[in-house]
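What follows is a set of notes on a single structure, which appears directly below.
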Amino acid sequence: EEKPSIVTVVKVTGENWFTRMAEGVAAYGNDNDTVATSQIGPGKADAAQQARLIEDLVAKKVSAIAVVPMDASSLEGVLKRAAQRGIKVVTHEADSMKNTLVDIEAFENKAFGARFNEKIAECMGKSGKWTSFVGSLGSLTHVQWADGGAENAKKYPEMELVSEKNESFNDANRAYEKAREILRKHPDIKGFQGGSAIDVIGIGRAVEEAGLQDKTCVFGIGLPKDTGSYLESGAVDGISFWDPKDAGYVMNKVADMVIKGEEIKDGMDLGVPGYEKVTVKKGAGDGIIVVGEAWVDVDKSNYGKYPF
Amino acid sequence: MVAFQMDRQLGFLATVNVAAIVAGAILVGASFVELYNFQSMASQVPELGFLALGVMLAMMSGNGGIDLSGIALANLSGVAAYYFLRDVIPADEAPLLFTWSLIGLALGVGLVGGMLNGFLIAKVGLTPIIATLGTQLLFTGLAIVLTNGSALSIGYVEPLDDFGNATILSVPQCFALFLVVALAIGAILRFTPFGQRLLLLGNNAKAARYAGIPEKRILFLTYTVCGLLASVAGIVIAARTSSVKWDYGTSYVLIAILIAVMAGVRPEGGYGRVICVVLSATSLQMLSSLFNFMNISNFFRDLAWGVLLLVFIATSGFDFKAWFRAARS
Amino acid sequence: MRHPPAFTLILIVAVSLVVGAINTDFWQVSNLFDILRASVVRGLFALGVLVVLASGGIDVSFTAIAAFVMYAVTMLVVNVVPDMPIVAILALGAVGGACFGALNGVLVHALKAPSLIVTIGTQYVIRSFLLTFVGTALFMNIPAAMDAFGKLALFTHHSANGSTSTLPAFVLILAIASLVTWWVLERTLIGRAVYAVGGNAGVAERLGYNLRTVRIFVFAYAGLLAGIAGIIHVSSNRLANPFDLAGAELEIIAAVVLGGARITGGSGSVIGTLLGVVLITLVSNVLILVGIPSTWQLVIVGIFIILAGGIFSIRGRQS
Amino acid sequence: MQPQPTGGEPHLKPATPFLEVRNIEKHFGGVRALKGVSLSIEAGNIYHLMGENGCGKSTLIKIISGAQGADAGELLIDGKTVTGLTPVAALAAGIETVYQDFSLLPNLSVAENIGLTQQLVSSSGKLARRLDIPKMRATAERALAAVGLPASRTFLSTRTDELPMATRQLIAIARAIASDARLVIMDEPTTALTKHEVDNLIGVADRLRAKGVAVLFVTHKLDECKSLGGRAIIMRDGQKVAECDVEDHSKADLAFWMTGKVLDDTRQRSAVTLGEKLLNVEKLSRTGFFADVSLSLRKGEIIGITGLLDSGRNELALALAGVSPADGGGVFLEGNEIRLGKPADAIASGIGYVPEDRLSEGLFLSQSIKDNIVVPVLDRLRNAFGIVDGRRSRALAERTVDDLQVVSAGVDKPVQSLSGGNQQRVLIGRWLTIEPKLLILHGPTVGVDVGSKDTIYRIIQRLAGDGMGVIIISDDLPELLQNCDRIMVMRKGRVVKTFAAEGLAEDVLSRALTDDTIARLQ
Ligand SMILES: Nc1ncnc2c1ncn2[C@@H]1O[C@H](COP(=O)(O)OP(=O)(O)OP(=O)(O)O)[C@@H](O)[C@H]1O
Ligand SMILES: Nc1ncnc2c1ncn2[C@@H]1O[C@H](COP(=O)(O)OP(=O)(O)OP(=O)(O)O)[C@@H](O)[C@H]1O
Ligand SMILES: [Mg+2]
Ligand SMILES: [Mg+2]
């Protein structure tokens, strides 16, 4: 009799974010020799490729699938087929997903966006122009963060949102070019909110080259190692993230619990930093959403503590 | 009526298909060769297969013919059809009407999109690569504008869902449709005046004109059919994902071309066989699934596809003698 | 000439006037600098595409070559010779790119296959070899020489609001590459041979042009420029991301065609190509300036490409 | 049958011939194109290589010029055996070739087409060399002057695909004589030329001969061969069957050796009864090309149209075929005005057009003979299901092939497997499927051998006999004299004279092409 297998499917293989997540996936497998864990992902960031990967996992009949969807809605079909075949499905970053048993969120996305905005507001003195970036308009969480930020900014009538939701297509150079153009159109802009993990790299470079480190406030999601040099120079003022390794670990742990038939209750401690006291609410479908408080804020002073 | 011809391409592709199944049976075991997996693989073929058929037709028409706008139009068809329909026909109350209306609307969008390509290429005279790159951006852009970039979830609509997931005689419905359409296109190409004219046009456009072949009409029709095929792909995508979105399958542009050229369709026009496109699509699918079963990275799969393509052209066209002669001189 | 580069120029002027009228910020020096900067990598690719198109071929593998070269060279330099001077790094990139390109040329010639098919194959092989065996991680600690090269400024402009904009020195590389390409195409025997083969390969062979030499040359040249473009991409971006540049090939080919080269081969000029690149860059760099919301941007770019292509083809038929 | 070579003796130069080939063999798949051919070429001599379509002439010269390798046999230049001859090596040895298809680079300028070869040869094929533009231009100017073309700067920088056929042919010749050739090979160089230009070419050949250059013509035109003199080398079916001095033998002898048949080159047109009026062209014009062309044609009548290069005859043909429509005047068929906006209009009205350039304008080379024939009637071959009835289309193709005596291994073979004369018959056959009222033949026997020519003429006569109207546009004056009832001469876009063909002397016709006095008289 083979061990139950949990396969984690990420948005795209190879990006630093998901390489870090793979560490968590492997760690759970090492800590628990009753299950076999592994991580795969498409070679291109395309929802269709991800759906095809999962399709094959369903045919292969693995025990559980843990997915970080490129696009939640386009996976509904295949995940439903997975459920029909008796495969346990858990997801991450997909609170609108119907065909999942458990969706795990590191935090409330709207609140996360608002947090960014709060920092930007504080930094720019609650007045002036600001803008937001998204990896792509199709990335649900990025849009949620941008919208959460915009919502929060309404508290400050002096703040003006301009040219919102610029798409960087997950390419630092595109983010850079867009940021340059925004600086030209709005020379007095003070705040940037990044969406994709490399947006701040591109924005930071544009700000640095324009010599505006001290006149602008750049916040966004990012990884400490990638953003380090811009944090040093002050072009990027702060980044936030949740540790993908922990997210990977938690996803596999939850999947394992589902396989074993254990219930996840409100306030439960999942034994991972940030998920010590999770909130459980009803999901979009029959499943539940488990929300942690796993964000980490990092700036020039402390980014060195994180080795990824 | 006409003898079915076995040629090098067909032999090669059939071999790859069989080899993938045999390799799967040996390396993976029973789970690869059970019915469910064949159904699963078959139902993954059509979205790409319809697009590849479109690329084939465009390439066959010659003069740098290509359709880069296929997946963009597929997505736009789905997005637009659902966008305009969702408030008009309640999917829960009239699922059948909803489904057929969705299909009709999507085909309509595909028709219009295909006609736009056909108009630009045949009537205005744009280079196909420019025209379809432009419309690719346009179609994608329109889908973004309609949805603000987010996905629209269709939810569970039984007839639509059945089309994406159910089977008839153990064959997934969408794959059966793909076979029927492929067969129809094969028949059209082979046996109708339109098909023969398209072939001749791709062979020698000038001679075609002198022979009275209405080149503009043929080109226009060809790209219109490409548009229709794209919208069928869009319907398949909507049925299988229960949602519509502008950026689904962005990697398909190149893969559809890969399938077509691997099927031996000549990029300079005038030659292409539907059966080879079908086999080319299934062989890529089987290899891909095989690698996924074996937990081999997707990058490696792309590597294998590339190598397979190169091996294919090497075996079909390599003239060792000529090469050595040239090397000596 | 069916597609006079002058016509591309007219389009550029027209777009500039319209955009400049909508937003006078368009006329800032920094905008010119940005468009030039954004044209460098595209321009180098486009010159390579031009040479291949002129010879009657097509290349869709150059972005994969650039990605491979930029990533592998950056890793190599960082791990083995961290203090390698930029000239050597550029040379390494050029040689690496040229080797991949030559491989394309050899395959196209030996397999007697359409170059579109061959380069789709090599594109898949090169990119996935890179991602399977070399690495996938974004890489921030690029060698100091590259970092410095990316920041090296030709001109620095300080605007009134205290922001600075710089014209990077690497635009000179595009200038040099353009001159060299022009010289090679117009003033050497191999250049004429490229057009000869693009005009009619069978005839050219009968007249004594060595097809193998020409094919290997054009693809190697395109690879060489792609290699250099890759190094510049990393230097200016200050990071090496192996996923970068994927999918840009069609846009580049479109730029070259809008610059007057025919997709069927045998024509095209350096000046037209550069104008085509500027046109494409211009259009994608003024959308925010004109105030087009991001949801509408693709629609606008798509319509523009269709209009430009349409105007070209209508003009082409008139003459 | 093999005649004794006569007249070879006067060249009492026992020195080795410039070029010699011995027992050359060449296969293409199963086809044995050359079966052991030997010949030798001496400096300062003119040779005519003759034979039916497909007998291996072009293949032989491709081997001599290094464009193709031989499978067996020996090739000697100046008495030394040469192996692995490449185009560049052949050029370096002084072997210049004017190919049947001209082999011009369409996208390069006149100057480049003429001058680049020399630079390629002087670098012995190496491409990494600077281009010497002044030298290239000087070479081109010199060579153009020699063939009687202008050497203006605009002309030098014109792309060759923008030039008319005849000019291209002359440029190809200019390229061949641009450098110090020792042997100039010309593969059917006069097919695109008018009489005047042919005379000019004969002058060029004479001058080359005087300079000690050998000239090898490949030709189907026995008249030209007679007027040039020199030696005839006659091939049949991949073998050399005869070699002799042209002066010593009649055209009929030469034709007999080529075909094994006795051919008759007298006027084929016998007493005909013309039917009612078929075609009326009234003041047809196309700005910049021709103006006020009027003509009328009865059923069963054959009318010839000729004229010099740029006389507008080609454009007139294209206008009647609907390819490049006229912009003034009218065309009436059986009394009804017809619109000729595109080729399909002409076809719908019952006009078939056999274009001038068989390969690029006429045939779908890799497609089957059947597909090439039935293309205009695909719609008619449809059955109730909209499907082309395979049996009927095959039957139609086979009937046509039989009717026109096309020699083929079946209608499913690609049309490129046929010889030139048979290809031409397939093209004519294509138009017979629409049962045309009017057939326009543009250069119907260009590059066609004497045997096939004869067959094609007979077909044309038969069609006219059946009541079809025929228009032949041609430079081949004997062809027009042999076949037509009336011959129209065009000059500078206008019809300047219409002759009755019966009893018309060739030199009267040929003078009309250039003689301005006729224009003044009208
Ligand atoms: N009218 C028809 N009736 C039934 N089957 C058909 C018809 N037309 C085509 N087919 C079949 O459709 C399939 C796909 O057609 P496809 O065009 O690839 O074949 P094909 O062009 O006929 O190939 P080949 O040229 O060698 O025979 C083939 O199996 C073909 O036999
Ligand atoms: N590349 C080729 N492939 C196959 N067969 C060929 C090829 N070239 C020539 N042949 C065949 O070789 C034979 C001799 O052809 P060749 O062109 O030398 O004839 P030719 O005497 O020049 O005829 P024409 O008078 O029509 O020019 C013909 O049967 C022809 O079909
Ligand atoms: Mg700052
Ligand atoms: Mg010949």
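Proteins get letters first, then strands, A, B, ... in listed order; numbering begins at 1 in each.
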Heavy atoms from other residues, nucleotides or ligands near OH of B/Y271 exceed 12 (cutoff 6.0 Å): yes
Nearest non-hydrogen partners of B/D302 and C/S128, listed with the distance: C-OG, 3.5 Å
Value rounded to 0.5 Å, distance of CZ in B/R301 from OG1 in C/T132: 11.0 Å
Chain C contact via B/L116 - side chain, backbone, both or neither, heavy atoms under 4.5 Å: neither
Which atoms of B/L120 approach chain C - backbone, side chain, both or neither, heavy atom under 4.5 Å: side chain
Non-hydrogen atoms of B/L133 and C/E251 that approach each other most closely: CD2-CA, 4.2 Å
Inter-residue atom distance B/L126.CG - C/L307.CG, 0.5 Å rounding: 9.5 Å
Derivation of the side-chain contact (heavy atoms from CB on, under 4.5 Å) call for C/R127 and B/L303: CA-CA 8 Å; C/R127 196 185 302 283; B/L303 186 67; over 6 Å; no
Which atoms of B/L142 approach chain C - backbone, side chain, both or neither, heavy atom under 4.5 Å: both
Validation row: B/T127, C/S313 side chains within 4.5 angstrom (heavy atoms): no
Residue part contacting chain C, namely of B/L68, when any heavy atom lies under 4.5 Å: side chain
Region of C/L131 in contact with chain B, defined by heavy-atom distances below 4.5 Å: both
4.5 Å side-chain heavy-atom contact, B/R266 and C/P114: no
Heavy-atom contact with chain B under 4.5 Å, split by part of C/L116: side chain
Region of C/A254 that comes under 4.5 Å of a non-hydrogen atom in chain B: both
Heavy-atom side-chain proximity of C/Y124 to B/L309 below 4.5 angstrom: no
Toward chain B: residues of residues 286-301 of chain C with heavy atoms under 4.5 Å: C/T295, C/W296, C/L298, C/V299, C/V301
Distance, nearest 0.5 Å, that separates CD1 of C/I303 from CG of B/L138: 5.5 Å
Over all atoms of both residues, closest heavy-atom pair of B/L310 and C/L111: O-CD1, 4.3 Å
Steps toward side-chain contact (heavy atoms from CB on, under 4.5 Å) verdict (B/F299, C/L130): CA-CA 9 Å; B/F299 300 130; C/L130 166 70; over 6 Å; no
Residue, of B/T147, B/V253, B/I257, B/L254, that accumulates the most heavy atom pairs under 4.5 Å with chain C: B/L254
Parallel, tilted or perpendicular: ring planes of B/F300 versus C/F133, cut at 30 and 60 degrees: perpendicular
Selection from C/I305, C/V60, C/T264 maximising heavy-atom pairs under 4.5 Å formed with chain B: C/I305
Pick from B/L258, B/N298, B/T140, B/L308 with the largest number of heavy-atom pairs that fall under 4.5 Å of chain C: B/L258
